[in-house]
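Structure first, commentary second.
Just follow the structure's listing: the first ligand is 1, and inside any ligand the first atom is 1.
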Amino acid sequence: MSKPSIVIVGRPNVGKSTLFNRLVGRRAAVVTDIPGTTRDRIALDAEWWGHRFIVVDTGGLEAAPTTPMYQQVVAQAMLAMETADAIIFVTDVHDGPTPADMDISHQLRRTGKPVVLAVNKTDNSTLEQETMEFYRLGLGDPIAISAHHNRGIDDLMDAVMATIPQEEEAENDVTGLLSLAIVGRTNVGKSALLNAILGEERVIVSETPGTTRDAIDTPTIYQDQKMLLIDTAGIRRPGRVEQGIETYSVLRTLRAVDRADVVFLVLDAADMVAAQDTHIAGHVIDAFKGLVIVVNKWDLATQLGLDEAGCLEEIRQRFKFLPYAPVRFTSALNKTGVAGALDAALMVYRDCSKEVSHHKLYSAVLDAMAENQPSSRKGRLLRLKGVAQEGVRPPTFVFYVNDASLAHFSYRRYLENRLRETLAFRWSHLKLVFKDAKE
Ligand code: GDP
Ligand code: GDP
């Protein structure tokens with residue numbers, strides 16, 4: 001399998017070359033000749049966490065400052081279309097999404113290639129607020145980076161890698177079966193979605209014997225990943241006592257979640273978030289499962305006056321406690337967006353399955369604790385004796401400390417957020433366990 005190629009595009013001065021240098025960094029091994037490339041683009045081999053790829057800087061295309069912006073944009077898009085497996089679109093947080101950025105977004109969408117939106121020069125967390133603005137570009141979640149200060153690069157590359165086919169060796173950390181539960185309120189389109197998934201991939205449909213009557217499990221294969229779809233819509237029991245049905249369906253949902261690696265929480269575009277959804281999302285978090293929020297019936301969006309940016313904002317507001325869950329828009333009816341939702345499930349699964357080296361973990365924890373020291377309680381301070389990753393799915397980190405009761409909830413949350421950031425667990429909830437270290 002040839003190495004995937006990643007093309008960096010964006011307006012002049014947003015930091016494309018800086019990002020390019022960051023990616024090739026110390027590993028700038030060989031200068032690669034991509035056929036058809038000219039002198040004004042640089043393509044180099046790069047590697048990120050064992051994934052090898054070619055990265056192409058289009059900075060050179062700006063050679064003639066007299067060239068009108070739209071021509072440059074078109075040229076970049078053309079190049080991206082010819083050569084890219086994935087595109088990194090770089091913007092500048094200080095400028096906000098400019099009209100030129102809008103044009104580029106439009107061009108990039110037309111290429112049909114996966115695009116990851118990077119908001120560069122986000123040098124500190126205060127600036128991170130500003131990145132929300134970039135949802136307006138309609139390219140999904142903006143990723144805050146600082147190419148210059150090396151912030152967010154892991155997040156960015158995680159997102160990029162998730163969009164391109166992986167080489168065999170990159171799959172070593174994910175094996176086995178991905179159990180995917182499709183949950184949501186009645187009538188949101190769970191069954192339709194299941195059918196759309198199965199219709200898209202040629203599959204062996206079979207009802208696994210021995211499963212409970214709570215849900216129907218269907219094996220399938222998507223992008224070489226074996227999956228087990230856990231459908232909670234399969235069984236309805238009309239004619240039973242109403243109250244009983246409701247309780248039963250919630251229980252059934254919770255049990256499906258418990259058996260899953262990743263959960264599709266399906267919402268209805270026409271009737272977004274209800275209390276029950278928040279309740280189920282809460283359970284997904286407590287059970288440390290991967291989550292993708294799927295907004296179905298998106299074919300009705302125009303009629304309903306909805307747009308992706310507005311919807312994303314509403315979801316981020318309502319599900320404040322899970323900023324890491326990717327959101328995807330589908331129409332089970334028209335079979336659109338379904339592959340995108342499945343890609344997101346794979347991306348989340350890989351993230352939850354990731355192991356970090358002990359060295360990386362230890363230094364990340366030390367940095368986090370140095371930056372924001374735990375406050376003392378009754379004159380005693382939380383002290384770290386050791387830390388280890390003791391599991392995946394969920395990524396589980398055990399902190400051996402002098403006295404676990406000194407680890408306050410807010411401090412645990414701080415540590416989780418910091419580790420998610422520095423260890424690039426963009427899409428998953430981390431399980432942090434505090435234990436008293438034996439003397
Ligand atoms: P290009 O024209 O898109 O290739 O942009 P360059 O990589 O040449 O960067 C343009 C300017 O932005 C340079 O002065 C960089 O030092 C600066 N720059 C790049 N990345 C960052 C960043 O993350 N933060 C800040 N503050 N400046 C940056
Ligand atoms: P479930 O109860 O969650 O399994 O929902 P169903 O799959 O039975 O769908 C409920 C209703 O919504 C049916 O009438 C479907 O035809 C309709 N529906 C499902 N998906 C879509 C969609 O993407 N767009 C539209 N417009 N209708 C849909």
Check this for me - ligand 2, Thr330, N or O atoms closer than 3.5 angstrom, yes or no?
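No - when backbone and side-chain N and O of Thr330 are compared with those of ligand 2, no distance drops under 3.5 Å.
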Could you check which of Ser146, Ser17, Gly152 puts a non-hydrogen atom nearest to atom 4 (O) of ligand 1?
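It is Ser17 that holds the nearest heavy atom.
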Taking distance alone, with no angle check, do [X] and ligand 1 share an N/O pair under 3.5 Å?
X	value
Gly15	yes
Asp123	yes
Ala147	yes

Atoms of ligand 2 close to [X] [distance to a heavy atom under 4.0 angstrom, numbered from 1]:
X	answer
Ala192	7 (O), 19 (C), 20 (N)
Ser331	23 (O)
Lys190	1 (P), 2 (O), 3 (O), 4 (O), 5 (O), 7 (O)
Asn187	1 (P), 2 (O), 3 (O), 5 (O), 10 (C), 11 (C), 12 (O)
Thr186	2 (O)
Arg185	3 (O)
Ala332	20 (N), 22 (C), 23 (O)

Side-chain donor-acceptor contact under 3.5 Å, [X] with [Y]:
X	Y	value
Thr98	Asp101	yes
Asp258	His283	yes
Glu130	His94	no

Heavy-atom contact under 4.0 Å between Arg151 and ligand 1?
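For ligand 1, residue contact (heavy atoms, under 4.0 Å) with Arg151 is absent.
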Any Gly10 heavy atom less than 4.0 Å to ligand 1:
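No, Gly10 has no heavy atoms under 4.0 Å from ligand 1.
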Hey, can you tell me if Phe319 and Phe321 have their rings parallel, tilted or perpendicular (30° and 60° cut-offs)?
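Plane angle over 60°, so perpendicular.
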Measure up the Phe425 and Phe397 rings against each other and bin them: parallel (under 30°), tilted (30 to 60°), perpendicular (over 60°).
perpendicular
Answer yes or no: are there more than 12 heavy-atom neighbours, outside Glu313 itself, under 6.0 Å from its atom CD?
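At most 12 heavy atoms, drawn from other residues, nucleotides or ligands, come within 6.0 Å of this atom.
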List every atom of ligand 1 that sits less than 4.0 Å from any heavy atom of Asn13, numbering the atoms from 1 in the order shown and giving each element.
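Close to Asn13: 1 (P), 2 (O), 3 (O), 5 (O), 10 (C), 12 (O).
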Which atoms of ligand 1 sit under 4.0 Å from any heavy atom of Arg11?
3 (O)
Start with the C-alpha distance between Thr330 and Asn296, add both sets of side-chain angles, then the distance that settles side chain to side chain donor-acceptor pair (under 3.5 Å), and finish with yes or no.
CA-CA 5 Å; Thr330 60; Asn296 190 39; 3.0 Å; yes
Please classify the [X] to ligand 2 contact at 4.0 Å (heavy-atom distances, strictly less than): side chain, backbone, both or neither.
X	value
Leu300	side chain
Asp299	side chain
Val188	both

Considering residues at least two apart in sequence or located in another chain, which fulfil the salt bridge (charged side-chain N to carboxylate O under 4.0 Å, His left out) criterion with Asp286?
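For Asp286 there are no salt bridge (charged side-chain N to carboxylate O under 4.0 Å, His left out) partners, ignoring immediate neighbours.
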Salt bridge (charged side-chain N to carboxylate O under 4.0 Å, His left out) involving Asp277 - partner list, sequence neighbours excluded
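Once residues adjacent in sequence are excluded, the partners of Asp277 under the salt bridge (charged side-chain N to carboxylate O under 4.0 Å, His left out) criterion are Arg185.
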Quick one: does ligand 1 sit under 4.0 Å from the side chain of Asn120, the backbone, both or neither, non-hydrogen atoms only?
side chain
Quick test of your reading of the model: are Arg420 and Asp351 salt-bridged, counting only N-O distances below 4.0 Å?
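Judged by the 4.0 Å cut-off on N to carboxylate O distance, Arg420 and Asp351 do not form a salt bridge.
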Run the side chain to side chain donor-acceptor pair (under 3.5 Å) check on Tyr411 and Asn372 step by step: do they pass?
CA-CA 9 Å; Tyr411 198 69; Asn372 178 3; 5.5 Å; no
Assess whether salt bridge (charged side-chain N to carboxylate O under 4.0 Å, His left out) is satisfied between Asp141 and Arg316, documenting all intermediate values.
CA-CA 11 Å; Asp141 290 332; Arg316 294 292 179 221; 3.2 Å; yes
